[in-house]
Amino acid sequence: MARHLITSAIPYINGIKHLGNLVGSQLPADLYARYLRARGHEVLFLCATDEHGTPAELAAAKAGKPVAEYCAEMHAVQARIADGFRLSFDHFGRSSSPQNRALTQSFAVALAKAGLIREVTEKQMYSVADARFLPDRYIEGTCPNCGFDSARGDQCDNCTKQLDPTDLINPRSVISGSTDLELRETKHLYLRQSALKDELAAWIDSKSDWPILTTSIAKKWLNDGDGLQDRGITRDLHWGVPAQFEGAPWTGMEGKVFYVWFDAPIEYIACAQEWVDAGKGDDWERWWRTDKGADDVTYTQFMGKDNVPFHTLSFPATILGSNEPWKLVDYIKSFNYLNYDGGQFSTSRGRGVFMDQALEILPPDYWRWWLLSHAPETSDAEFTWENFQASVNKDLADVLGNFVSRITKFCRAKFGETVPDGGVWGEQELTLVNALATRLAAYETLMADKEVRKAAGELRAIWVLGNEYLQSAAPWTTIKTDTDRAAMQTRLGLNLIRFYAVLSQPFIPDAAAELLTAMRAEGAPWPEDAGVALAALAPGHGFAVPEVTFAKIADEQREDWQTRFAGLRG
RNA sequence: GGGCCUGUAGCUCAAUGGUCAGAGCAGGGCGCUCAUAACGCCUUGGUUGGGGGUUCGAGUCCCUCCGGGCCUACCA
């Protein structure tokens, strides 16, 4: 038994996430957490909403609400949807929590003591009409390079040229359209990441088993240009962790907050405190403090590729630079993007299927299975309705669901709704059990390695073995001449349902639970030995014939959804 | 512009430099009748994006061209 800390990249508070966001972090993290729990490991699986920053302020303003109220509402919405997808967080926290505020400020002090914070006075664009400083991309104007009239202050979307807001012709605020902009001096704190460059590089180099996607992005940032750059960790905003506070080793930071990417990863730690404060646990330090037991913890993070620089460099810089005994991540599993029907999912343009909509049309297991079995691990992947329909119908309805139907209904018709007695395993059964044992071991290895797609493929192959067995054993033929043998074959078939339900739990928890309930085998443990597990349901054990576990997606449904989700989100 | 990833069967994807490039789905044939017209068996299908090179041997390594994607530090 080992102890595993698992975190999923924390979703931004601004709106409901789409399926691409889900498959890139929360869903595979949940798969891994569920698997490890099923294997009897001690797991702490944490996620939260990332609530600070300019987009949250603007979204709240647009909704006509105070930002704190907006975030509280959206947190509840996201928590409900996460629950709908059966994401088994031990706690779903908030980066705006008091715990995170205190911890973020504490980290800043520690970093300052270590000489890793420097003050920088710089000039930023200020919008008089909006009464706020504006990030570069919140300023638009005409591109000096190509003449595009909606170029952003950081880059022109038309000609891709890198820009500075002061390069723009006729710059205006994206928020209000106001052209009353001026450069104002402002002071910010910078984290001296450059001072930690060698230490970070050595650490990254030691991680030879990480996905290429993870290490290549990290190395790029470490080595690009002049190497790892210092990063501003404060912003001129109101919504965030105040950068001026009692005990702060600097002055003049009133009205400023820490940058979201500084406080968001710290929420991983604060979330464990929230977990304890919510009465769900009693000791968070044994998960996070290496001086208090966390040395034994294996820490795995899941995220989309856009989050990699912050998790491989910025956050580790915060941890290492603090000189405090915090647990560093052991493995970073990163994902590419999921595209939608020939283009990108887009939150801003409402393109694709969003988490709430997905749950409105189908149960979570359908989405979990398709998304995980098509997880964008080696490259970007593509969602199409045709592929979704075909995969789900074949894998879930035909291969697994129909297997359950055929054996339970056969048994009911011939022996009644109890596990039949008689007969002993022969050559055919031992061959099956051996094949299952081999595939089970492969499945366990793939799950432990976080090879999501391959694990899904192995699980499916395990389901297929049941159909192959039934087909060749043919109890419906056997029963005509040898009742005992037919009973034995049927008994094994029923045990396969229980076996499959246990193995399938991480992918399709609802269906697995339904099957275990039907087989009256709730709480069945992970099989230590396939042969033993496949004899667990003894003669006389009652069961119920399950309702159709997975209904098929009809062509009309698919076409309807295809049309419905083609355009903008209504 | 720079960097990284990627291109393999109609589709979605595999393949430590080493048998004849493999699976699933789709297509074709046969079988079965317990089952959600489900299942099983067999099978068609490839100049591995193009071109060069290294090597006894290249999908894999190098160069180049073409296509797709991501990142490029003030969105998060």
Side-chain angles (χ1 to χ4, degrees), chain A residues 9-14 50-56 58 122 124-125 133-139 152-155 160-162 164-165 188 193 212-213 215-217 219-221 223-225 228-232 235-236 259-261 264 304-310 313-314 336-337 339 344 347-348 373-374 376-384 386-388 390-391 393-414 453-454 456-457 460-461 464 466-477 479 486 489-490 493 547-552:
Chain A
I10 65 177
Y12 198 65
I13 193 68
N14 178 14
D50 177 14
E51 304 193 358
H52 295 139
T54 305
L58 298 181
E122 54 198 4
Q124 303 241 313
M125 293 299 269
F133 283 93
L134 294 176
D136 291 355
R137 70 174 50 201
Y138 282 92
I139 296 164
R152 292 184 323 208
D154 57 338
Q155 182 174 38
T160 74
K161 186 176 172 60
Q162 304 275 306
D164 188 272
H188 284 295
Q193 297 184 141
I212 291 173
L213 184 64
T215 50
S216 66
I217 291 173
K219 286 177 180 173
K220 152 77 166 146
W221 280 58
N223 302 319
D224 196 37
L228 187 61
Q229 301 298 298
D230 294 344
R231 179 176 273 270
R235 292 290 182 274
D236 285 292
Y259 178 40
V260 279
W261 266 115
K305 59 185 167 187
D306 51 331
N307 281 329
V308 169
F310 304 98
L313 302 169
S314 306
N336 287 282
Y337 292 148
N339 290 319
Q344 293 185 353
T347 301
S348 57
S373 62
H374 293 79
E377 289 175 299
T378 51
S379 63
D380 290 354
E382 170 125 339
F383 176 92
T384 64
E386 288 84 358
N387 186 296
F388 177 69
S391 297
N393 284 355
K394 193 68 191 173
D395 299 347
L396 297 182
D398 294 345
V399 177
L400 177 61
N402 182 58
F403 173 79
V404 172
S405 272
R406 64 193 296 205
I407 190 62
T408 51
K409 288 179 181 173
F410 177 78
C411 185
R412 179 172 63 186
K414 305 297 182 184
R453 290 178 92 127
K454 289 180 181 174
R460 185 189 190 281
V464 166
N467 283 309
E468 288 176 5
Y469 170 75
L470 274 194
Q471 202 62 38
S472 62
W476 48 89
T477 302
I479 198 166
Q489 293 169 333
T490 304
E547 299 299 312
V548 169
T549 311
F550 294 103
K552 289 202 186 191

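Sequence lines set the chain letters: A, B, ... in the order given, protein chains first and strands last, and positions in each chain run from 1. Note that the structure is predicted; figures quoted are calculated from it, not measured.
Candidate nucleotides B:rA38, B:rG69, B:rU36 were compared by shortest atom distance to the side chain of A:Asp380, and B:rG69 ranks first. Among the nucleotides B:rU36, B:rC11, B:rA35, the one closest to the side chain of A:Phe550 is B:rU36. Considering only side-chain atoms of A:Gln471, the nucleotide from B:rC39, B:rA73, B:rA15 that sits closest is B:rC39. Nearest to the side-chain atoms of A:Pro55 among the listed nucleotides B:rG2, B:rA76, B:rA38 stands B:rA76. The side chain of A:Ala397 approaches B:rU36 more closely than any other nucleotide in the set B:rC71, B:rC5, B:rU36. Comparing B:rC34, B:rA76, B:rA14 against the side chain of A:Asp306 picks out B:rA76 as the nearest. Closest to the A:Lys454 side chain, of the nucleotides B:rA73, B:rA76, B:rA14, is B:rA14.
When each of A:Phe410 and A:Asn387 is assigned the nucleotide of RNA chain B with its nearest heavy atom, A:Asn387 is the one assigned upstream, toward the 5' end. Projected onto RNA chain B by closest heavy-atom contact, A:Thr549 and A:Ser373 fall at different nucleotides, the more 5' of which corresponds to A:Ser373.
By the 4.5 Å heavy-atom criterion applied to side chains, A:Val260 and A:Arg235 are not counted as neighbours. Using a 4.5 Å heavy-atom cutoff, the side chains of A:Asn336 and A:Leu213 are in contact. A:Asp395 is not listed as a side-chain neighbour of A:Phe550, based on a closest heavy-atom distance of 4.5 Å or more. Side-chain atoms of A:Thr490 and A:Ile407, non-hydrogen and from C-beta on, do get closer than 4.5 Å to each other. Within the 4.5 Å cutoff, side-chain heavy atoms of A:Asp398 are placed close to those of A:Lys552. In this structure the side chain of A:Asn307 reaches within 4.5 angstrom of the side chain of A:Trp261, judged on heavy atoms. With a 4.5 Å cut-off on side-chain heavy atoms, A:Leu470 and A:Phe410 do not count as touching. Proximity of A:Arg231 to A:Ser314: side-chain heavy atoms (C-beta onward) are separated by under 4.5 Å at one or more points.
Between the CD atom of A:Gln489 and the C1' atom of B:rU33 there is a distance of 15 Å, given to the nearest Å. Atom CG in A:Asn307 sits about 11 Å away from atom P in B:rU72, given to the nearest Å. One can place CG of A:Leu470 at 11 Å from C1' of B:rG40, the figure rounded to the nearest angstrom. Rounded to an integer number of Å, the gap from A:Asp154 CG to B:rA73 P is 8 Å. When rounded to the nearest whole Å, the span between CG of A:Asp395 and P of B:rA23 equals 17 Å. Across the protein-nucleic acid pair, A:Arg152 atom CZ and B:rC75 atom P stand 8 Å apart, rounded to whole Å. B:rA73 atom C1' lies 9 Å from atom CD of A:Gln193, rounded to whole Å. When rounded to the nearest whole Å, the span between CG of A:Leu313 and P of B:rC71 equals 16 Å.
Looking at heavy-atom distances under 4.0 Å, A:Asn14 makes no contact with the nucleic acid at all. The residue A:Ala381 sits close only to the backbone: its heavy atoms come under 4.0 Å of sugar-phosphate atoms, none of a base. Looking at heavy-atom distances under 4.0 Å, A:Val548 makes contact with a base. Using a 4.0 Å heavy-atom cutoff across all strands shown, A:Glu377 reaches no nucleic acid atom at all. Looking at heavy-atom distances under 4.0 Å, A:Ser216 makes contact with sugar-phosphate atoms alone, never a base. Nucleic acid contact class of A:Gly53 (heavy atoms, under 4.0 Å, all strands): sugar-phosphate only. Note on A:Phe310: a base of the nucleic acid sits closer than 4.0 angstrom, heavy atoms only. Residue A:Lys305 is classed as a sugar-phosphate contact, given heavy-atom separations below 4.0 Å to backbone atoms only. Here A:Lys409 lies in heavy-atom contact (under 4.0 Å) with sugar-phosphate atoms only. Among the heavy atoms of the strands, none lies under 4.0 Å from A:Thr384. Residue-level contact check: A:Thr54 touches the backbone only, with heavy atoms under 4.0 Å from sugar-phosphate atoms and none from bases. Within the 4.0 angstrom heavy-atom criterion, only backbone atoms of the sugar-phosphate kind lie near A:Glu468; the bases stay farther away.
Across every strand in view, B:rC56 sits in a pair with B:rG18 that passes the Watson-Crick or G-U test at under 3.5 angstrom. B:rG7 is paired with B:rC66 under the criterion used here, namely a Watson-Crick or G-U wobble arrangement in which both key atom distances are under 3.5 Å. Pairing for B:rC30 goes to B:rG40, judged as Watson-Crick or G-U wobble with the two contacts each under 3.5 Å. Pair assignment for B:rA23: B:rU12, on the basis of Watson-Crick or G-U wobble contacts that are both within less than 3.5 Å. In this entry B:rG1 has B:rU72 as its Watson-Crick or G-U wobble partner, both defining distances falling under 3.5 Å.
B:rA23 and B:rA14 are spaced 7 Å apart, taking the C1' atom of each and rounding to whole Å. Only the C1' atoms considered, B:rC13 is 14 Å distant from B:rU48, to the nearest whole Å. B:rC25 sits 37 Å from B:rG3 when the C1' atoms are compared, rounded to a whole Å. Atom P of B:rU19 sits at a distance of 11 Å from the matching atom of B:rG59, rounded to the whole Å. Using P as the reference atom, B:rA58 and B:rG52 are 14 Å apart when rounded to the nearest Å. Here, B:rU16 and B:rC62 have their P atoms 16 Å apart, quoted to the whole Å. For the P atom pair drawn from B:rA26 and B:rC4, the interatomic distance equals 40 Å after rounding to whole Å. Distance noted for atom P between B:rU44 and B:rA21: 14 Å (whole Å).
Across all their heavy atoms, A:Asp380 and A:Lys305 have their closest contact at OD1-NZ, 3.0 Å.
Contact annotation: A:Arg137 reaches the phosphate of B:rC75 (side-chain N/O to OP1 or OP2, under 4.0 Å). Between B:rC75 and A:Arg235, no contact under 4.0 Å exists linking OP1 or OP2 to a side-chain N or O. Here A:Tyr259 reaches the OP1 or OP2 of B:rA76: one of its side-chain N or O atoms lies under 4.0 Å away. A:Tyr337 has a side-chain polar atom (N or O) that falls below the 4.0 Å cut-off from OP1 or OP2 of B:rC71. When the side-chain nitrogen and oxygen atoms of A:Lys220 are compared with OP1 and OP2 of B:rG2, none of them lie within a distance under 4.0 Å. Side-chain nitrogen and oxygen atoms of A:Lys219 include none within less than 4.0 Å of the OP1 or OP2 phosphate oxygen of B:rC71. Neither OP1 nor OP2 of B:rA35 sits under 4.0 Å from any side-chain N or O of A:Thr408.
Side-chain atoms of A:Trp261 come within donor-acceptor range of the base of B:rA76, with a qualifying N/O pair under 3.5 Å.
Between A:Phe388 and A:Phe383, the ring planes lie tilted relative to each other; the angle falls in the 30° to 60° range.
Under the stacking definition used here (centres under 5.5 Å, planes under 30°), the residue A:Trp476 qualifies as stacked on the base of B:rC34.
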